[in-house]
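Below is one structure; the comments refer to it alone.
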Amino acid sequence: MKNEHVIGVLDKLDEIYGVTKKGFYHKQPWQLLAAIMLSAQSTDKQVEEVLPQLFARFQNAEDMAEAPLEEIEDAIRSIGLYKNKAKNLKKCCQQIVEELGGEVPGDIDGLLCLAGVGRKTATLFLADLYGIPGVTVDTHVFRISKRLGWACGKNPAEVELELQKVLPKDHWNRINFQLIYHGRTVCTARKAKCQECVLAEWCEKKLD
DNA sequence: ATCCCGAGGG
DNA sequence: CCCTCTGGAT
């Protein structure tokens, strides 16, 4: 894989998908964290439909920490995996209120101690809130990185390290949403639309 | 490796 | 109808 290939792809991604992503609406850090937690295995659209009512009902982390589980479930039911997500949200808010004085951690290790917060969620939170550079490897980034020939790792953690070496740091925080969008619309898991792919000239796995 | 789980696409 | 989905926990 040649360096010009990477530059070519990155320029094209910036051109097609832009360089900034509209993050989830939030007034407080815990709201952003909650929104990202809800987005697991769901689309942004689904999450955004639920947020207004959710934050109207629960004004702060303490409200959610004290709320009956069923009330949280009701507020997010239309999103998949709602039982796990409600349970994690409540537990996470309890931790924030009872162990952290109401403050959401500002570092990766602190965030990873919270219920329902894994590497993907934590990295995205830090990127959105503080602009801290981080490569988040979800299913789309994982799949496309390998098709492009940027990585060959067996799991997301390995691919994350490979991408950190291949990609300039100033692209880390936008490669995620760019590849996710590309992955949902063009470079899909099955039946990738290579004919209409703007990255095809640099792609190792391009289909004819 | 499996489960969670509603929504939308093929 | 059947499949997958911007993860995380067990």
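Below, read A as the first sequence line, B as the second, and so on, with proteins coming before strands; counting in each chain starts at 1. Reckoned from all heavy atoms, side chains included, excluding hydrogens, waters and symmetry mates.
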Could you list the residues that satisfy ring pair (Phe, Tyr, Trp, His ring centres under 6.0 Å) with A:Phe24, not counting sequence neighbours?
none

Just to confirm, is there a sub-4.0 Å distance from OP1 or OP2 of C:dT6 to any side-chain nitrogen or oxygen of A:Arg184?
yes

If you measure from the Lys or Arg side-chain nitrogens to the Asp or Glu carboxylate oxygens, is any gap between A:Lys21 and A:Asp44 under 4.0 Å?
yes

With P as the reference atom in both, quote the distance from B:dC5 to C:dT10 in angstrom, rounded to an integer.
15 Å

Nearest whole angstrom, please: distance from the P of B:dC5 to the CG of A:Leu81.
7 Å

I need the NZ-C1' distance between A:Lys85 and B:dA7, as an integer number of Å.
12 Å

Residues A:Ser42 and A:Lys85: side-chain donor-acceptor under 3.5 angstrom:
yes

Which whole-number value in Å describes the distance from A:Arg119 CZ to C:dG8 P?
10 Å

Charged N to carboxylate O under 4.0 angstrom, A:Lys165 versus A:Glu162?
no

Between C:dA9 and B:dA7, how many Å separate the two P atoms, rounded to a whole number?
24 Å

For A:Gly116 and A:Thr43, find the nucleotide of DNA chain C closest to each by heavy atoms; which residue's nucleotide sits nearer the 5' end?
A:Thr43

Please report the distance, rounded to the nearest Å, between CG in A:Leu38 and P in C:dG8.
13 Å

Base, sugar-phosphate or nothing for A:Asp44? Non-hydrogen atoms, less than 4.0 Å.
base

Without decimals, in angstroms, what is the distance between A:Tyr82 OH and B:dA7 P?
10 Å

Pairs flagged by ring pair (Phe, Tyr, Trp, His ring centres under 6.0 Å) wherever residues 29-54 of chain A is involved - sequence neighbours left out
A:Trp30-A:Phe55

Candidate nucleotides C:dC5, B:dG10, B:dA7, ranked by approach to the side chain of A:Lys191 - the nearest:
B:dG10

Whole-Å distance separating the CG atom of A:Asp74 from the C1' atom of B:dG6
15 Å

Choose from C:dC5, B:dC5, C:dT6 the nucleotide whose nearest atom is closest to any side-chain atom of A:Lys83.
B:dC5

Rounded to the Å, how far apart are A:Lys193 NZ and B:dG9 P?
12 Å

Contact nearer the 5' end of DNA chain C, comparing A:Asn176 with A:Leu112:
A:Asn176

Length of the NZ-P vector between A:Lys91 and C:dT10, whole Å
8 Å

Between A:Gln95 and A:Ala115 (side chain of the first, backbone of the second, donor and acceptor by atom type, cut-off under 3.5 Å), is there such a pair?
yes

Please list residues of residues 120-141 of chain A whose heavy atoms come under 4.0 Å from any atom in DNA chain C, ordered by number; otherwise none.
A:Lys120, A:Thr121, A:Asp138, A:Thr139, A:His140

For residues A:Gln31 and A:Asn60, is any side-chain donor paired with an opposing acceptor at under 3.5 Å?
no

